[in-house]
Amino acid sequence: QVRLVESGGGLVQAGGSLRLSCAASGRTFSSYVMGWFRQAPGKEREVAAAINWSGGRTSYADSVKGRFTISRDNAKNTVYLQMNSLKPEDTAVYYCAAGYPYSSASYHLKDKYDYWGQGTQVTVSS
């Protein structure tokens, strides 16, 4: 089993920044594609960003492109989501996920991820 624990969420004003962290344990972290998903109240969980095992390939939702940056440090078993220029519509619970999508075309698919963290709340005030 892989355990994923998110941290770094909180309350921030519009235009501000947060950096989320996801610490992994249990199995080889570097072998997984890692994703950040988010779920706003009453809405479906959707991908915000994903990154492959080496960090050489990333994928972003159109709604966050240019504002969010996903990165990973395999030596620290940690993946990050740097969120800049935050908007009220970014308010959601953010979840870290690990899995084996076979290509970047599958990075956005929730059922390709086998392990999920408990989530961390991000609230952006206007």
Side-chain angles (χ1 to χ4, degrees):
Q1 292 290 329
V2 173
R3 182 180 296 275
L4 304 174
V5 180
E6 304 97 332
S7 63
L11 176 65
V12 64
Q13 294 183 1
S17 298
L18 286 172
R19 189 173 79 158
L20 306 183
S21 298
C22 173
S25 63
R27 296 192 68 179
T28 304
F29 171 77
S30 61
S31 66
Y32 292 101
V33 171
M34 302 296 297
W36 282 100
F37 289 75
R38 64 185 187 177
Q39 187 166 21
K43 296 185 177 180
E44 295 289 327
R45 190 174 299 186
E46 63 180 12
V47 69
I51 188 167
N52 77 335
W53 70 272
S54 69
R57 179 171 292 180
T58 58
S59 180
Y60 297 94
D62 288 341
S63 58
V64 309
K65 193 172 297 182
R67 300 187 296 119
F68 290 10
T69 302
I70 189 170
S71 62
R72 67 192 298 165
D73 186 339
N74 290 339
K76 296 181 178 180
N77 291 339
T78 302
V79 63
Y80 305 96
L81 186 67
Q82 178 66 47
M83 304 185 295
N84 298 326
S85 301
L86 283 162
K87 304 175 180 179
E89 51 263 44
D90 295 318
T91 295
V93 177
Y94 283 71
Y95 297 91
C96 179
Y100 288 111
Y102 288 117
S103 71
S104 60
S106 300
Y107 284 4
H108 68 290
L109 299 176
K110 296 187 292 293
D111 62 1
K112 298 298 184 181
Y113 295 86
D114 300 311
Y115 306 101
W116 295 82
Q118 83 289 347
T120 186
Q121 177 71 47
V122 172
T123 302
V124 184
S125 62
S126 60

- Message: Same cluster or not: Phe37 versus Leu18, using hydrophobic residues (I, L, V, M, F, W, Y) connected whenever any side-chain heavy atoms lie under 4.5 Å apart?
- Response: no
Please tabulate, for side-chain N and O atoms in residues 104-114, each donor-acceptor pair with protein atoms closer than 3.5 Å (sequence neighbours left out).
{"from": "His108", "atom 1": "ND1", "to": "Ala105", "atom 2": "O", "distance (Å)": "3.2"}
{"from": "Lys110", "atom 1": "NZ", "to": "Arg45", "atom 2": "O", "distance (Å)": "3.3"}
{"from": "Tyr113", "atom 1": "OH", "to": "Tyr107", "atom 2": "O", "distance (Å)": "2.6"}

- Trp36 side chain reached by Val47 side chain, heavy atoms, under 4.5 Å: no
- Item | Same apolar cluster: Met34 and Tyr100, side chain cutoff 4.5 Å | yes
- Step by step, would you call Gln82 with Ser17 a side-chain contact (heavy atoms from CB on, under 4.5 Å)? CA-CA 8 Å; Gln82 178 66 47; Ser17 298; 4.0 Å; yes
- Message: Using the ring centroid of each side chain, check whether Phe68 and Tyr60 are separated by less than 6.0 Å.
- Response: no
- Message: Distance check, rounded to the nearest 0.5 Å: Lys76 atom NZ versus Ser21 atom OG?
- Response: 9.5 Å
- Query: So, Gln39 side chain and Val93 main chain: donor-acceptor pair closer than 3.5 Å or not?
  - Reply: no
- Message: Please check this pair: side chain of Thr120 against backbone of Gly9, looking for a donor-acceptor N/O pair closer than 3.5 Å.
- Response: yes
- Message: Any salt bridge linking Lys87 with Asp90? Criterion: basic side-chain nitrogen under 4.0 Å from a carboxylate oxygen.
- Response: no
- Message: Quick check: closest heavy atoms across Leu4 and Ala24, and the distance to 0.1 Å?
- Response: CD2-CB, 3.6 Å
- Message: Restricting to non-hydrogen atoms, name the atom on Ala14 and the atom on Pro88 that form the minimum distance, rounded to 0.1 Å.
- Response: CB-CD, 4.1 Å
- Indicate yes or no for a side-chain donor-acceptor contact from Glu6 to the backbone of Cys96 under 3.5 Å, with no hydrogens or angles considered. yes
- Item | Single-linkage hydrophobic cluster, 4.5 Å side-chain cutoff, Leu81 and Ile51 together | yes
- Query: Which pair of heavy atoms, one from Val33 and one from Pro101, lies closest together, and at what distance?
  - Reply: CB-CD, 3.6 Å
- Return yes if some donor-acceptor pair links the side-chain N/O of Asn77 with the main-chain N/O of Ser25 below 3.5 Å, else return no. no
- Query: Are Trp116 and Leu20 grouped together when hydrophobic residues (ILVMFWY) are joined by side-chain heavy atoms under 4.5 angstrom apart?
  - Reply: no
- Distance-only donor-acceptor check, side chains Thr78 and Asp73, under 3.5 Å: no
- Over all atoms of both residues, closest heavy-atom pair of Arg72 and Gly55: CD-N, 4.2 Å
- Message: Show the nearest heavy-atom pair for residues Arg38 and Ala92, with the distance to one decimal.
- Response: CB-CB, 3.8 Å
- Apply side-chain contact (heavy atoms from CB on, under 4.5 Å) to Met83 and Tyr94, showing your working. CA-CA 11 Å; Met83 304 185 295; Tyr94 283 71; 3.9 Å; yes
- Query: Can Arg19 be said to sit on top of Tyr80's aromatic six-ring, NZ or CZ under 6.0 Å from centre and within 45° of the ring axis?
  - Reply: yes
- Query: Hey, does the side chain of Thr91 reach the backbone of Glu89 with a donor-acceptor pair shorter than 3.5 angstrom?
  - Reply: no
- Test side-chain contact (heavy atoms from CB on, under 4.5 Å) applied to Thr123 and Val12, step by step: CA-CA 6 Å; Thr123 302; Val12 64; over 6 Å; no
- Under a single-linkage definition using a 4.5 Å side-chain heavy-atom cutoff for Ile, Leu, Val, Met, Phe, Trp and Tyr, are Val124 and Tyr95 assigned to the same hydrophobic cluster? no
- Sequence neighbours excluded, every pair satisfying disulfide bond (SG atoms under 2.5 Å apart) that has a member inside residues 35-75: none
